[in-house]
Amino acid sequence: MTSDATPPTPPLSPIAFLKGHGTENDFVIVPDPGNELELPASLVAALCDRRAGIGGDGLLHVVRSAAHPEARSHAGEAEWFMDYRNADGSIAEMCGNGVRVFARYLQRAGFVDAGDLAVATRGGVKRVHIDKDGDVTVAMGRALLPEDGVTVTVGGRSWPARNVNMGNPHAVAFVEDLDHAGNLHSPPPFAPASVYPDGVNVEFVVDRGPRHVAMRVHERGSGETRSCGTGACAVAVAAARRDGADPAVTGAPVTYTVDLPGGRLVVTEHPDGEIDMTGPAVIVAEGHIDPALLAVPA
């Protein structure tokens with residue numbers, strides 16, 4: 001007996017994964033040194049789904065720079081490329097907490113030891129130091145401070161927001177109470193929309209003491225997250241300008257402690273503009289998942 005029906009598509013092979021977090025900004029980690037896996041946006045979103053998948057604020061695709069077309073030019077400088085995806089499957093330039101967790105994975109897998117390494121990202125090559133005491137420090141580069149800012153509005157309240165670019169865009173608003181940010185599930189409205197045509201990460205910030213702030217953040221493509229490394233850096237930069245502590249003017253480095261719902265980060269900006277961010281990075285689980293078991297949209 002014959003049939004003209006199209007044979008079913010064979011199921012995809014199981015995907016090895018790990019789960020990690022940096023100050024509770026959590027990620028699905030997919031090791032793929034040879035860049036052999038296809039990771040369409042629908043599959044990434046399914047893996048990051050907190051109820052029907054593994055769950056995460058984003059996905060860290062671990063690839064050797066020489067094997068990825070977007071990173072080959074960095075292969076001589078950085079062996080590894082962090083191909084970062086937001087929880088909705090969209091591609092992002094950088095993730096500060098993600099870089100720390102990425103480095104921790106490389107250490108766990110035996111690819112690197114404690115000490116210094118370089119990681120290629122779409123936001124440039126990042127210098128990382130894995131401390132023997134467990135914390136990871138990332139040289140986040142310099143902030144860009146475009147002059148065009150926006151006004152952010154939530155629940156009838158509005159605030160001016162400082163435009164800070166850390167390889168990805170941020171709008172930093174200083175508020176009286178973090179509850180004023182609302183639920184942050186949806187992107188906070190901002191105007192003019194033309195300032196951030198591709199969307200923006202929005203940080204709401206309150207003071208806790210001298211050189212000490214607390215924040216909440218809406219990350220574009222992910223909603224409110226427990227932490228955002230580039231956001232913490234953007235907040236420290238904006239706070240230093242507000243406080244008259246711009247290191248390029250004072251000639252002295254300035255350090256801010258930044259409290260986030262998921263933990264604490266320490267951010268130092270140097271007189272040359274370079275920014276260091278230090279915080280924890282933890283691997284919590286590893287295993288395999290069969291993509292055929294996920295509800296992946298066609």
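Note: hydrogens, waters and symmetry copies are ignored here, and every other heavy atom, side chains too, is used.
Side chain of Arg85 to backbone of Leu39: a donor-acceptor contact under 3.5 angstrom is found. The backbone N or O of Gly279 lies less than 3.5 Å from a partner atom in the side chain of Arg100, making a donor-acceptor pair. No donor-acceptor pair under 3.5 Å is formed between the side chain of Asn35 and the backbone N or O of Val63. Using a distance-only test at 3.5 Å, with no hydrogens or angles considered, no donor-acceptor pair links the side chain of Ser227 to the main chain of Gly262. Looking at Asp88, its side chain does come within 3.5 Å of a backbone N or O of Ser90 through a donor-acceptor pair. Judged purely by atom type and a 3.5 angstrom limit, Arg72 uses its side chain to pair as donor or acceptor with the backbone of Ala66. Between the side chain of Arg226 and the backbone N or O of Thr23, no donor-acceptor pair lies under 3.5 Å. Between the Asp207 side chain and the Gly209 main chain, no donor and acceptor come within less than 3.5 Å of each other.
Taking CE from Met277 and OG1 from Thr268, the interatomic distance works out to 11.5 Å, rounded to the nearest 0.5 Å. Considering CZ of Phe27 and CZ of Phe17, their distance stands at 16.0 Å, rounded to 0.5 Å. Note: Asp57 CG to Asn97 CG = 9.0 Å, rounded to the nearest 0.5 Å. In this structure, OG1 in Thr121 is found 10.5 Å from CD in Glu70, a value given to the nearest 0.5 Å. Put simply, CH2 on Trp159 and OG1 on Thr151 are 11.0 Å apart, with the number rounded to the nearest 0.5 Å. Met166 contributes atom CE, which lies 4.5 Å from atom CE of Met140 (distance to the nearest 0.5 angstrom).
Closest of all the heavy-atom pairs between Ala87 and Cys48 is O-CB, 3.8 Å. The two residues Gly98 and Leu60 make their nearest non-hydrogen contact at O-CD1, 3.6 Å. Heavy atoms only, all atoms of each residue included: Ala120 and Ala78 are closest at N-CB, 3.6 Å. Heavy-atom minimum distance, Ala238 versus Val164: CB-CG2, 4.4 Å. Nearest heavy-atom pair across Cys228 and Val217 is CB-CG1, 3.8 Å. Between Ala245 and Arg211, the shortest heavy-atom distance links the atoms CB-NH2, 3.6 Å.
In this view, Asp135 satisfies the side chain to side chain donor-acceptor pair (under 3.5 Å) rule with no residue, not counting sequence neighbours.
Cluster annotation: Leu145 and Val235 are assigned to the same hydrophobic cluster (Ile/Leu/Val/Met/Phe/Trp/Tyr, side-chain heavy-atom contacts under 4.5 Å, transitive). Side-chain heavy atoms closer than 4.5 Å link hydrophobic residues (I, L, V, M, F, W, Y) into clusters, and following such links, possibly through other members, connects Val44 to Leu37. A single hydrophobic cluster is seen to contain both Leu18 and Val136, as judged by linkage of ILVMFWY side chains at heavy-atom distances under 4.5 Å, directly or through other members. The cluster map of Ile, Leu, Val, Met, Phe, Trp and Tyr, joined by side-chain heavy atoms under 4.5 Å apart, puts Tyr105 and Met94 in the same cluster. Linking ILVMFWY side-chain heavy atoms closer than 4.5 Å, directly or via other members, places Val258 and Val205 in a single hydrophobic cluster.
With respect to Val62, the side chain to side chain contact (heavy atoms under 4.5 Å, CB included) criterion is satisfied by exactly one of Val30, Asp32, Leu106: Leu106. A salt bridge (charged side-chain N to carboxylate O under 4.0 Å, His left out) with Glu93 holds for exactly one of Lys126, Arg122, Arg220; it is Arg220. None of Asn25, Leu260, Thr278 except one satisfies the side chain to side chain contact (heavy atoms under 4.5 Å, CB included) rule with Leu265; the exception is Leu260.
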Only distances under 3.5 Å count here; give the side-chain donor-acceptor pairs of residues 174-189 to other protein atoms, sequence neighbours excluded, each with its distance to 0.1 Å.
{"residue": "Asp177", "atom": "OD1", "partner": "Asp179", "partner atom": "N", "Å": "2.8"}
{"residue": "Asn183", "atom": "OD1", "partner": "His185", "partner atom": "N", "Å": "2.9"}

With a 3.5 Å cut-off and sequence neighbours excluded, list the donor-acceptor pairs that the side chains of residues 190-199 form with protein atoms.
{"residue": "Tyr196", "atom": "OH", "partner": "Asn163", "partner atom": "OD1", "Å": "3.1"}
{"residue": "Tyr196", "atom": "OH", "partner": "His170", "partner atom": "O", "Å": "3.0"}

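Of the charged side-chain nitrogens involved, at least one lies within less than 4.0 Å of a carboxylate oxygen, so that Asp26 and Lys19 count as a salt-bridged pair. Look at Arg162 and Glu203 and you find no salt bridge, because none of the NZ, NE, NH1 or NH2 atoms lies under 4.0 Å from a carboxylate O.
Inter-residue side-chain proximity for Arg208 and Val213 is flagged as unmet; no heavy-atom pair is nearer than 4.5 Å. Two residues are said to be in side-chain contact when any heavy atoms from C-beta on lie closer than 4.5 Å; Arg264 and His212 meet this criterion. Under the 4.5 Å side-chain criterion, counting only non-hydrogen atoms from C-beta, Phe111 is in contact with Arg64.
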Trace of the side chain to side chain contact (heavy atoms under 4.5 Å, CB included) decision for Ile283 with Ile29: CA-CA 9 Å; Ile283 303 296; Ile29 306 162; 3.6 Å; yes
Stepwise side-chain hydrogen bond (donor to acceptor under 3.5 Å, both in side chains) check, Asp290 with His288: CA-CA 7 Å; Asp290 185 347; His288 290 79; over 6 Å; no
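Side chains of Asp243 and Tyr256: a donor on one and an acceptor on the other come within 3.5 Å.
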